[in-house]
Amino acid sequence: MLLPQDVIRKKRDGLALTASEIRFFVDGATSGTVSEGQIGAFTMAVYLRGMTIEEIADFTLAMRDSGRVLDWNGAAVDPTRLIDKHSSGGVGDEKITLLVVPLAAACGVWVPNLSGRGLDYCAGEVDMLDAVPGYDTAPPHALFIRAVEEVGGAIIGPTLDLAPADRKIFYVRDVTATVESVPLITGSILSKKLASSPRGLVITVGSGSGAYMKTLDDARRLARSMAEVAARVGVPSVMLLSDLSCVLGTSVGNAVAVKETVDFLVGRRRDARVLDLVLSIVAEMVVLAGIEPDLGRARGLAAAKLEDGSAADRFGRMVRALGGPNDFVERAKDYLPAAPFVRPVGAESTGFVVDMDAGAIGHALVELGGGRKHPEEKIDLSVGITEIAPVGAPVSQERPLCVIHARDEADFDRASREIRSAMRVAPTSSGAARPIVIEKIVQSV
Ligand code: URA
């Protein structure tokens, strides 16, 4: 009889696992016959030993099949225009999904989006949406389908129904230093994506201090792994390699990042790199869906739907369809939880931000209570960091590095020390941050 420890031992010793061994382990993780300790040992063995592309594909499909795979036959959607997006994760990147899904829906794409919670030092879409009162991030399957039909797109997390194996394994990876692994990220992302049966995928793969992949070469390896596994199951994809050497946008956290999202959608404030990335992703989705023939026209359509308020309208409808307030977009500030201790962090010297360790800023969020240190830990959705000065910005005692939203003064002091050492200030500017999209990989089937 096969035991979980046999599978762990084989991987620990660097041997390739068969499809049935992988399925046995993933099924056990889902049903609970494999313990959290065993999941931790398995993910560490995979982290250290890697997997062949066949193993990665088997792992992904076993994770996808741990739950229901959506069937859109009979649903009121155009199945040829079902295109999803995802990100391999990055500090500040999680808000991109909340912008892309409603904007793509406004352009005529159908987007059933299964996202994740915060992982290690990166916040996650599902935790962000938990900050919206009433929003159900794990709705019954029929409600999710209805929300997509009514709105054109909806964002939820893995449920008991959809990719439940990822839900189990994700929490353990989060707290066992086993996030930054090409096979584990491929399985985690693609199992969620393939469970909603899209016809095409756009995935951003970040590299730099704020991403799991620190180098562009590692990001390329991850992108190729995901593109190849998706192609094996007949799903064409576009991988956009992004520069995450600094925080994306102006805030990190949950409630505060939802606020940044709403401000962006209604046009109150739009960070230039966020705008470029959002339009790039939506343009690829529009072309994959066959709505426009080329990227220039697709980007024009996306920009118009953002400007005319259609994306903000879709976001509001999505919130409503999944149980949130009717007037969330109009009154987001009144609904979102707010931290009691909010203070700016002045720079110790006058100059310009020339570099930042975005991962360390993500860690500061975890220390504030906005990310997890133990599986299933409850996080504080109100804490966060806002007004983060971008690379190239002038800073001083009066022009702060950022604003911290903390539970108390002690948390504020600890986080401000971490942030000061994470942001490098020099007397002269070295210019603005690099363009957000570095290159792309297109994979047909
Ligand atoms: N996003 C996911 O959904 N899973 C990962 O492992 C990393 C980023």
Side-chain angles (χ1 to χ4, degrees), residues 26 29 39-40 42-44 46-47 50-51 56 59-60 62-64 66-67 84-98 100-101 111-130 137-138 155-159 162-196 198 201-208 210-214 218-219 221-223 225-227 229-230 237 239-242 244 248 252 257 277 281 358-359 362 366 371-372 375:
V26 169
I39 298 172
F42 175 78
T43 54
M44 186 56 84
V46 172
Y47 178 93
M51 276 180 158
I56 300 176
F59 179 58
T60 303
M63 301 250 289
R64 177 198 68 181
S66 64
D84 201 1
K85 71 80 63 179
H86 205 83
S87 154
S88 65
V91 178
D93 191 289
E94 56 292 333
K95 63 184 85 83
I96 302 299
T97 302
L98 273 65
V100 164
V101 170
V111 201
N113 184 272
L114 250 70
S115 281
R117 294 199 172 277
L119 191 60
D120 205 336
Y121 50 84
C122 298
E125 296 88 344
V126 180
D127 293 323
M128 282 174 71
L129 289 168
D130 277 344
T137 52
I155 306 166
I156 61 165
T159 64
L162 296 167
D166 183 55
R167 185 179 157 120
K168 288 281 175 74
I169 298 173
F170 204 79
Y171 278 122
V172 177
R173 288 172 57 217
D174 187 18
V175 293
T176 54
T178 53
V179 172
E180 303 99 327
S181 150
V182 167
L184 297 176
I185 298 180
T186 303
S188 168
I189 290 183
L190 285 188
S191 62
K192 289 192 287 276
K193 300 296 94 180
L194 299 178
S196 63
L201 284 173
V202 180
I203 300 181
T204 56
V205 185
S207 58
Y212 300 128
M213 300 290 113
K214 298 299 172 209
D218 283 346
R221 278 196 309 121
L222 175 59
S225 162
M226 291 193 287
V229 173
S237 60
M239 303 285 150
L240 296 177
L241 300 184
S242 58
L244 295 181
L248 185 53
V252 295
L277 185 58
I281 298 169
V366 176
R372 291 179 187 78

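All values derive from a computational prediction rather than experimental measurement. Note that ligands are numbered from 1 as they come in the structure, with each ligand's atoms numbered from 1 the same way.
- Look at Arg117 and Asp174 and you find no salt bridge, because none of the NZ, NE, NH1 or NH2 atoms lies under 4.0 Å from a carboxylate O.
- A donor-acceptor contact under 3.5 angstrom links the side chains of Lys85 and Thr97, judged on distance only.
- For the side chain to side chain contact (heavy atoms under 4.5 Å, CB included) criterion with Ile156, the lone passing option out of Val126, Leu129, Leu162 is Leu162.
- For the pair Val46/Phe59, no side-chain contact is recorded, criterion being any heavy-atom separation below 4.5 Å from C-beta on.
- Checking Thr186 against Ser225 by side-chain atom types alone, a donor-acceptor pair falls below 3.5 Å.
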Could you pull out the N/O contacts under 3.5 angstrom between ligand 1 and the surrounding protein atoms?
{"from": "ligand 1", "atom 1": "3 (O)", "to": "His86", "atom 2": "NE2", "distance (Å)": "3.0"}
{"from": "ligand 1", "atom 1": "3 (O)", "to": "Lys192", "atom 2": "NZ", "distance (Å)": "2.6"}
{"from": "ligand 1", "atom 1": "4 (N)", "to": "Ser188", "atom 2": "OG", "distance (Å)": "2.7"}
{"from": "ligand 1", "atom 1": "6 (O)", "to": "Arg173", "atom 2": "NH1", "distance (Å)": "2.9"}
{"from": "ligand 1", "atom 1": "6 (O)", "to": "Arg173", "atom 2": "NH2", "distance (Å)": "2.9"}
{"from": "ligand 1", "atom 1": "6 (O)", "to": "Ser188", "atom 2": "OG", "distance (Å)": "3.4"}

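- A donor atom on one side chain and an acceptor atom on the other are found under 3.5 Å apart for Asp93 and Ser87.
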